[in-house]
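To start, the structure under review is shown below, and the notes come after it.
Chain A is the first sequence line, chain B the second, and so forth, proteins listed ahead of strands; every chain is numbered from 1.
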Amino acid sequence: MRLRLAALLPLLFLLTVVGTTAPAHAANDTIDVVGTLLDNRDTPPKPVPGVKISVEESGAQIAEGVSDAEGKFSIALPGAPIDLLGKKITVKIDTDTLPEGTSLTDEKKTEYSVTIRTDGDIPIGYRIGPKADDSDELVRKVSQSAINGVFLGLLLALGALGLSLVFGTTGLTNFAHGELITFGAIVGFLLQDKLDSPFLLAALAGVVLSGVFGYANDVFLWKPLRRRGTGLLAMMIVSIGLAIFLRNVYQYIVGADSHQFTGVPLRREPWEIGSIDISPRTFWSAVICAIILVIISIAVQRTRLGKATRAVSDNPALAASSGIDVDRVILTVWIVGGALAGTSGILWGINYGFDYQFGFKILLLVFAGVTLGGLGTIWGTMAGSLIVGLMVEMSSLILPPELKYVTALVVLILVLLIRPQGILGRAQRIG
Amino acid sequence: MAAETQSVTAPGQTKENAILVADNVVRTFGGLRAVDVEHFEIERGKITALIGPNGAGKTTFFNLLTGFDKPDTGAWTFNGESLSGVAPYRVARKGMVRTFQLTKVLSRLTVIENMRLGATGQRGEKLLSSVFAPLWRDQERSNTKRAEDLLERFKLDAKRDDFAGSLSGGQRKLLEMARALMVDPELIMLDEPMAGVNPALKQSLLGHVKSLRDEGRTVLFVEHDMDMVRDISDWVVVMAQGKIVAEGPPDDVMADPAVVDAYLGAHHDTELSFEDEAKIVAEAEAEIEAEIAETEEQS
Amino acid sequence: MNWLDVLSGAVEQALGPQAMIYCLAAIGLNIHFGYTGLLNFGQAAFMMVGGYAVGALVQTWEQNLWLSILVGLLAAVLLALVLGVPTLRLRADYLAIATIAAAEAVRQVLGAASLNDQFGGQDGRFGFADDMKSLNPIEPGGVHFGPIDFRSYDFFIMIVGWSLALLLCGVIFLMMRSPWGRVLKGIREDEDAVRSLGKNVYFYKMQSLILGGVIGAAAGIMSGLATDNVAPSDFATDTTFFVYTVLLIGGAARVFGPVAGAVIFWFFLNGLDLFFDKATHDNLIPDWIMTSDQASLMRLIVLGLVLMLLMIYRPQGIFGDRRELAIDGR
């Protein structure tokens, strides 16, 4: 940042010199406060002209301007940009000059305080339209957040099951689990990018290969380590090494940019149900998540393998002595867990986009879900993840959205304090 | 007949000079009442054995008395002082020190360091004085002397500078007992001191336990080996399914049909719940693990 | 660029401010993890709190730098208490998750746009080290040892930082030889055993967390002073992971482990970076295999592998004695 500023100095000098002979460049010489006032009640939104906007610095007005016929305003700040850097200005809208019948959506938001950090123009947005009905607005916001939260929770649950099952059966706290989630999205993307494969095929292959990847994880790394008798803490640090390794290999392959899947057969344009927006893509993703979670629940409850998994989670030695092939159960858990993580990665990718490290970024949320529910229990993981999803989205009703993950992390710590065994976990016998 | 046996070996008898008195101590896991002791006393200066089938709740009872686990209800006193809700380290400082069923030696510390750690009231254990060796050097020297004497008594002096992790299972039991003595306890509680100890060492361990009583300490120990119990204990308490079912002098208790029932009945007469079974298996595993650990070290 | 440049560049990094900062952080972590067995995955938060206390107090609230450094160290004590009270009773793996979560929460709060005026958002704080710079006695031209060059201020920071590191090593050597150190090591081996001997384990763990945390904060402060900048990206989860790698290379529970670890870590990290950079530029590695962008990732790819292999084959570190220092089962 500061490097750029330093580079800017000679450039500015050049501009002022050139500027005297070439006035056409003069526009670059100032910092402008810019924006467009539109009345959102109409579709397309209608420009709102003739509204007075002023700029103040420490209480004194330094510039003002009026919106034009297209609703646009551009207010040049006096002084060279280099002198303005670091200054704090306040932009005010004169609500009296709004045309009859229009008002700000949020009447209190008439002022914006901005600290000037770059020499670029400063965009300011005012929402003009009907005055929002506070109670309706609150209901809308709460229900929208709740819906977003449930969806996030379902995605997290899908991603977390593998982590939880692996912990339950082997005791490993796998910090490389985020990379299992990323794996699905990356494989799907590569198939699309390199082989032009249609989305559904790419997604399906992503899921299958994620399962294979889980298999490889166990067969080539964790099983040999278990055989050697490597301690759980040591394995946990190994998983950190694996996470760093994989994450950078991913970046090696797909770069640092964010990516999108192409040709997803689900619309993004939201359905408006009442005042709540739900995109069909999100909705169907949530349905897929829910179906998979139900299938897994039933499978764990009813099938032989599912029962064996629970037995191993409960007590590996007891399970082994009653004739269960513990290694086979663990391998299955890795395959299923990998495939679930991959699926969650792909669903995450089609809804939010993805990059090489998104799995790592959401890993702590996944941990929060798993821990909240009680490490290693299937129901707990699902419930915990849903709670985390809801909490993350709902917290942005009160807190700035950038802090929404913090809520989940703080709650995670509190839960560990009060009920280390999680909400649904059982207390263990000591000694 | 039944009434007569009851009078000799009835549970919850009061003692003339009790060092520890416990009332209504209950601990449940899930639905299972692991410990449900109405009244329990330990006679001062005697060796008391706590016996019972696997899963009877002996270790859990140990954990509760020493503060390592919290009971649902119950109160107990040591030398007249209440110990309910007291943290384990405070229990130890009051003079009631325990050992563990699965020995807890500090593997990557040497034998002598294990011993020194046991000494109480060390000035050098304060953060600020730790850097200034002159503040604690003399005390350290006298603690070391005491530790060496104990090691000699327990025939571990040859191992003085070895890592504790390199000791055999039996030697670990000895080290743990010797280390507990560094705390200078009034009541020493030994959780299965003989488990995993080879027969040659057993005899000397028995001698050590007796010598503890002879120096005026009170001993409570959990044991399965009936010969040992008969040999050294002054008083035997029998637990089954969390309750104390009988107590009395060794020979009377061994003759009590209720005790035989407790041992056989717990396994054969009643249907085992899943938790019971899991618990029994878990304890059996713990023993097997201990044995495996021992054979590995010996090889 | 020639091969000598690769080597000298690697040596410069191995001795430079970055290595010194990671060494300090690892000395702190060594007290937690190496001696007490606390799986603290929030060391970056201690560094951040130290660095930010100094940066924000000087830049935002215009306080004296030296006073701010003192406050930075005290802030670490506070963080240790806040973090330790709930988490020190937890099992090792829960402690890891709780501390990593707490560290990330601290980072997101301090980097939040809504606290821009106080902590500068993603840009962080800068321009607060003037008083430190004014103390620099090294001549402005910098210092040169053959092909190895250090800038004047960097060299000054190195002298201060490495001296501090060696001093701390000395103090820790004395502490770990004492009965106090014995209790910590006992806790690492089996805390229930130590409890049964009448020691207040929780209290000792807290002392350990505070002491190591304050040293971590010192690392963060040195980082701020070295670059005259603190930003959220300096204190991400990966920072903690790198500190662990430094510690494990040198060997946990070894007094000079962090020093050796930091030097080796940065020698190879930068050496690899320069090597692959040169290899791609000189077309030793063709472009279709590796571009120069990708070359910059190689060092982290190798780092991840090294961390895994180290933990599997030499958990006691490069110089460690396996018998004594292998990190055991649980």
Verdict with supporting geometry, A:Glu57 and A:Thr90, side chain to side chain donor-acceptor pair (under 3.5 Å): CA-CA 6 Å; A:Glu57 190 201 334; A:Thr90 308; over 6 Å; no
What part of [X] gets within 4.5 angstrom of chain A, counting heavy atoms only: side chain, backbone, both, or neither?
| X | answer |
| --- | --- |
| C:Ile301 | both |
| C:Thr237 | side chain |
| C:Met298 | side chain |

Ring-face cation contact, C:Tyr202 with C:Arg89, 6.0 Å cut, 45° max: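 The answer is yes; both the distance and angle limits are met.
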A:Phe360 six-ring centre to A:Arg247 NZ/CZ under 6.0 Å and within 45° of normal: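 Yes.
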For [X], is it the side chain, the backbone, both or neither that has a heavy atom under 4.5 Å from a heavy atom of chain C?
| X | value |
| --- | --- |
| A:Ile240 | both |
| A:Leu246 | neither |
| A:Leu242 | both |

Largest heavy-atom contact set with chain A, pairs under 4.5 Å, which of C:Leu309, C:Asp238, C:Val85: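 Most heavy-atom pairs within the cutoff with chain A belong to C:Asp238.
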Choice from C:Asn116, C:Val106, C:Leu303 maximising heavy atom contacts with chain A below 4.5 Å: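 The candidate making the most pairs under 4.5 Å is C:Asn116.
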Identified side chain to side chain contact (heavy atoms under 4.5 Å, CB included) partner of A:Ile237 from the options C:Ile312, C:Leu307, C:Leu310, C:Thr245: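 When side chain to side chain contact (heavy atoms under 4.5 Å, CB included) is applied between A:Ile237 and each of C:Ile312, C:Leu307, C:Leu310, C:Thr245, only C:Leu307 qualifies.
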Residue pair C:Ser233 / C:Gln122, side-chain heavy-atom distance below 4.5 Å: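 Side chain of C:Ser233 against side chain of C:Gln122, heavy atoms only: no contact under 4.5 Å found.
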Heavy atoms from other residues, nucleotides or ligands near CZ of A:Arg226 exceed 12 (cutoff 6.0 Å): yes
